[in-house]
Amino acid sequence: MAGVARILSKCFPNGIIYRSFTQKAVNLKRTPQDYPALNGSEHWRRKIRTLFRARDIDGDGYLTKKDYEMNVHRVSSYMNLNENQAKDLMKWKLFVWEKLSGSTDASADFRLPEDDYVSNMLAAYPIIVEKIVDIASCDFDTVDIDGDGFISPQEHKACFYGFGIPLKHSTDVFKVLDTDGDGKISRQEFVQGFVDYILSEDENSPHACFFGPLV
């Protein structure tokens, strides 16, 4: 379970350690433990391939350090971040990348192909169930650029822009995640959607669109 499992077990060993946030309790209507064990259905594999291709910014079929750097540059440009904000975002994106690649020294050369990403995600299922709330909460922090505790429509569009997902899909996905209709996505709403995206094999789940249309 190299690669994906490494980031799950090493990056999040004792709860959230990301961006100096303290661990935040997230009350979910459906917890990771409420989902049946993954079977690796074709629908689930499509979702994980969609996630991979969103993160594979340059489209070369591998996750690399360059993809993470490109993502930060795109988000910084879209949100017109100042130098310090861009550096902060880059710092924590590369922190995650270094954990995924195994070490700072290896991170520049490490490449994770799509098929390995999918198979590792399935093999790492027991670890995913344990760590996914922390991982999703950390992802929330990278999208919540201004740190106000909510994702605005503009911040969500910046997230999609950073991944190269057509912005036209952001509006519909935002509405799905904003379950209380208050015009912003809370940590709980984001984490619930992410958990459902990764752990559900229900083809009718509204969260299947979390990263836009499936490949």
query = In Å and rounded to the nearest 0.5 Å, what is the CG to OG distance from D144 to S152?
reply = 8.0 Å
note = The reported gap from CG in L63 to CG in D56 (rounded to nearest 0.5 angstrom) is 6.0 Å
message = Checking ring pair (Phe, Tyr, Trp, His ring centres under 6.0 Å) between Y68 and each of W92, W97, F163, which is the one that passes?
response = W97
key: Distance (rounded to the nearest 0.5 Å) between L112 CG and N120 CG   = 6.5 Å
inquiry  = Determine whether Y35 and D196 satisfy the following criterion, side chain to side chain contact (heavy atoms under 4.5 Å, CB included), listing intermediate values before the conclusion.
reply    = CA-CA 9 Å; Y35 289 84; D196 196 72; 2.6 Å; yes
query = Can E42 and R46 be counted as an ion pair, charged N to O under 4.0 angstrom?
reply = no
inquiry  = Does the Lys NZ or Arg CZ of R187 fall within the cation-pi geometry relative to F150 - under 6.0 Å from the ring centre and within 45° of the axis?
reply    = no
message = If we count only N and O atoms by modelled type, under 3.5 Å, do the side chains of T31 and D34 hold a donor and an acceptor together?
response = yes
request  = Look at atom CD of Q33 and say whether more than 12 heavy atoms of other residues, nucleotides or ligands are closer to it than 6.0 Å.
outcome  = yes
ask   = When rounded to the nearest 0.5 angstrom, what is the spacing between CG in L214 and OG1 in T50?
value = 4.5 Å
inquiry  = Given the ring of Y197, does K47 sit roughly above its face, with NZ or CZ under 6.0 Å from the centre of the six-membered ring and within 45° of the axis?
reply    = yes
task = Output yes when D115 and R49 qualify as a salt bridge under the 4.0 Å nitrogen-oxygen rule, no when they do not.
result = yes
query = If every non-hydrogen atom of W44 is compared with every non-hydrogen atom of L122, which pair is closest and at what distance?
reply = CH2-N, 3.6 Å
key: side chain to side chain contact (heavy atoms under 4.5 Å, CB included) between V215 and R53, intermediate numbers included   = CA-CA 9 Å; V215 297; R53 294 181 193 183; 3.8 Å; yes
query = Do you know the tightest heavy-atom contact between L177 and E189?
reply = O-CB, 3.2 Å
inquiry  = For a side chain to side chain contact (heavy atoms under 4.5 Å, CB included) check, start with the C-alpha distance between F140 and I135, then their side-chain angles and the critical distance, and finish with the verdict.
reply    = CA-CA 9 Å; F140 175 90; I135 295 169; over 6 Å; no
task = Please determine if E98 and K65 form a salt bridge, counting it only when a charged side-chain N lies under 4.0 Å from a carboxylate O.
result = no
request  = Kindly determine whether D180 and K175 satisfy salt bridge (charged side-chain N to carboxylate O under 4.0 Å, His left out), including the steps that lead there.
outcome  = CA-CA 9 Å; D180 62 6; K175 290 178 180 177; over 6 Å; no
inquiry  = If you take the centroid of each ring, where Trp contributes its six-membered ring, are F52 and Y62 closer together than 6.0 Å?
reply    = no
query = Less than 4.0 Å between a side-chain N and a carboxylate O, is that true for R30 and D202?
reply = no
message = Would the distance check show the side chain of T142 and the main-chain N or O of D139 forming a donor-acceptor pair, the cut-off being under 3.5 Å?
response = yes
ask   = Can F210 and F190 be said to form a ring pair (Phe, Tyr, Trp, His ring centres under 6.0 Å), step by step?
value = CA-CA 9 Å; F210 196 94; F190 182 91; 5.3 Å; yes
message = Please report the interatomic distance CD(E69) to CG(D58), rounded to the nearest 0.5 Å.
response = 11.0 Å
ask   = Taking atom SG of C138 and atom CZ of F95, what is their separation to the nearest 0.5 Å?
value = 8.0 Å
query = Where do N39 and E201 come nearest, in terms of heavy atoms and distance?
reply = N-OE1, 2.9 Å
